[in-house]
Structure formats: C-alpha cells, structure tokens
Engineer: 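One structure coming up, written as structure tokens, with questions to follow.
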Amino acid sequence: MNDEIYGTDFDSKGRVASNGDLLLVTGLDNAKQSIKNYLLTRKGNYDFIGPEHGSDISKVMGEPRNKNTLQLAELILSNDLDQHPMVEDYEISPYFTDKGISAEITCYLVDGSSFTDDLEVISYDG
C-alpha cells in the first residue's frame, strides 16, 4: 500500500544495477529517502520547488559543542519535519560525533508505517 502513497524515484545515491540502469526506490524506501534529502537540503537551494523547501540545520554550523547546540539542532529538525507532508510525528535525538552532529530520527508516517535512521546532519569536514 505505501508504494502507492510514497511513489517511486531514482536512488539519490546514484547507484546503478548490474546492467547499468539507475536504481529506483519505491514505497517506504522512497519516503525515507525523501525525508533524509529534505533534511539535508539547505532551505532555499531549490527555488523551483519552493523557497521553504529544505532545512535550516546549517544554522548550527560553527556553534560550540555543547548541550545548547544539540537543543538548537533538535528544534530546527523538529520545525523542518513539521513541514514534511509524509511525516505525522517523529522523535529526534541529536548527538555529537567526531565529524559533527548526527541525529537518530524516528519518523511516523501518514500511512502508519515508521522508520528509524541515523543521519549525519552537520559535518565539520566540509
């Protein structure tokens, strides 16, 4: 059922099948890909989609590695997920890594399905 709701798209990692065709993602995998890409897209990068498409998570870049920064990251990601049409509810647990900030995100989707994934949201390596 979620194949109909969440559709099909090209694999955003650019992976190809053994025959050279681009891989496709469907259903829940496509919803997961859409949400991750949304959170990793800087707001305003794709004006043709809409000026509010994407995330403001880059605003935490350069902030000190402390509890306040993690709270800011959680607030920004929460605001972003509130805007995503596939997401009904979510849980976010941001944490520091050697490379930057990641977050364990659980998304509860509009069809009742859910997924949990770790997402590197800020990399200090560029």
Side-chain angles (χ1 to χ4, degrees):
M1 170 163 161
N2 61 21
D3 287 0
E4 295 169 13
I5 295 172
Y6 303 127
T8 301
D9 204 350
F10 292 110
D11 179 279
S12 65
K13 293 180 182 175
R15 295 180 292 192
V16 296
S18 59
N19 67 357
D21 288 345
L22 292 173
L23 288 179
L24 300 176
V25 291
T26 305
L28 185 58
D29 289 333
N30 192 37
K32 183 176 176 180
Q33 173 177 276
S34 171
I35 293 164
K36 288 172 75 172
N37 287 345
Y38 181 80
L39 293 175
L40 296 176
T41 297
R42 188 178 296 221
K43 194 172 278 189
N45 266 12
Y46 297 108
D47 280 339
F48 61 90
I49 296 174
E52 294 301 309
H53 178 82
S55 174
D56 283 324
I57 194 64
S58 63
K59 290 182 177 181
V60 301
M61 183 68 90
E63 294 294 321
R65 294 174 64 93
N66 61 33
K67 181 180 174 183
N68 291 342
T69 299
L70 291 180
Q71 289 175 333
L72 177 60
E74 183 174 355
L75 177 64
I76 290 170
L77 292 170
S78 293
N79 288 336
D80 296 333
L81 287 172
D82 282 340
Q83 302 305 310
H84 200 287
M86 294 179 189
V87 178
E88 180 117 346
D89 201 6
Y90 50 83
E91 297 171 16
I92 303 169
S93 299
Y95 57 93
F96 288 109
T97 67
D98 291 342
K99 293 182 178 182
I101 299 174
S102 290
E104 180 180 275
I105 298 174
T106 299
C107 289
Y108 303 97
L109 306 180
V110 295
D111 72 337
S113 60
S114 65
F115 70 87
T116 300
D117 202 358
D118 279 315
L119 182 63
E120 181 181 51
V121 293
I122 293 292
S123 174
Y124 296 126
D125 295 340

Engineer: Looking at side-chain heavy atoms only, is the closest gap between L22 and D11 below 4.5 Å?
Structural biologist: no
Engineer: Are V121 and I76 packed together at the side-chain level, in the sense that at least one heavy-atom pair is separated by less than 4.5 angstrom?
Structural biologist: no
Engineer: Does a side-chain heavy-atom distance below 4.5 Å link D80 with Y90?
Structural biologist: no
Engineer: Should L119 and V25 be regarded as members of a common hydrophobic cluster, given that ILVMFWY residues are connected when their side-chain heavy atoms come within less than 4.5 Å of each other, either directly or indirectly?
Structural biologist: no
Engineer: Nearest 0.5 Å, what's the NZ-CG distance between K43 and D56?
Structural biologist: 4.0 Å
Engineer: Heavy atoms only: give me the nearest V87-C107 pair and the separation to one decimal.
Structural biologist: CG2-SG, 4.4 Å
Engineer: Nearest 0.5 Å please: distance from the OG1 atom of T41 over to the NE2 atom of H53.
Structural biologist: 5.0 Å
Engineer: Testing the basics here: between P94 and E74, what is the closest heavy-atom pair and its distance to 0.1 Å?
Structural biologist: CG-CB, 3.9 Å
Engineer: Between the side chain of R65 and the main-chain N/O of T97, is any donor-acceptor distance below 3.5 Å?
Structural biologist: yes
Engineer: What residue among N30, T26, D111, D29 forms side chain to side chain donor-acceptor pair (under 3.5 Å) with Y6?
Structural biologist: D111
Engineer: Answer yes or no: are there more than 12 heavy-atom neighbours, outside Y95 itself, under 6.0 Å from its atom OH?
Structural biologist: yes
Engineer: Compare every heavy atom of I122 with every heavy atom of S58, then report the nearest pair and how far apart it is.
Structural biologist: CA-CD1, 3.9 Å
Engineer: Check whether any side-chain heavy atom of Q83 sits under 4.5 Å from a side-chain heavy atom of E52, and report yes or no.
Structural biologist: no
Engineer: Measure the NZ-CG distance between K36 and D118 for me, rounded to the nearest 0.5 Å.
Structural biologist: 9.0 Å
Engineer: Start with the C-alpha distance between L24 and F10, add both sets of side-chain angles, then the distance that settles side chain to side chain contact (heavy atoms under 4.5 Å, CB included), and finish with yes or no.
Structural biologist: CA-CA 4 Å; L24 300 176; F10 292 110; 3.6 Å; yes
Engineer: Which pair of heavy atoms, one from L81 and one from I105, lies closest together, and at what distance?
Structural biologist: CD1-CG2, 4.1 Å
Engineer: Please check if Y108 and L77 belong to a single hydrophobic cluster, counting links between Ile, Leu, Val, Met, Phe, Trp and Tyr side chain heavy atoms closer than 4.5 Å.
Structural biologist: no
Engineer: Are I101 and F96 side-chain neighbours, meaning at least one heavy-atom pair lies under 4.5 Å?
Structural biologist: yes
Engineer: Indicate the atoms forming the closest heavy-atom contact of L40 with E120, along with that distance.
Structural biologist: CD2-O, 3.4 Å
Engineer: How long is the span from the OG atom in S34 to the CG atom in L39, to the nearest 0.5 Å?
Structural biologist: 9.5 Å
Engineer: From the options I92, D89, T116, select the one residue that forms a side-chain contact (heavy atoms from CB on, under 4.5 Å) with T106.
Structural biologist: T116
Engineer: To the nearest 0.5 angstrom, please state how far the CD atom of Q33 sits from the CG atom of D117.
Structural biologist: 12.0 Å
Engineer: Hey, are N66 and N68 close enough side-chain-wise for a donor-acceptor pair under 3.5 Å?
Structural biologist: no
Engineer: Quick one: CG on N79 to CG on D82, what's the gap to the nearest 0.5 Å?
Structural biologist: 6.0 Å
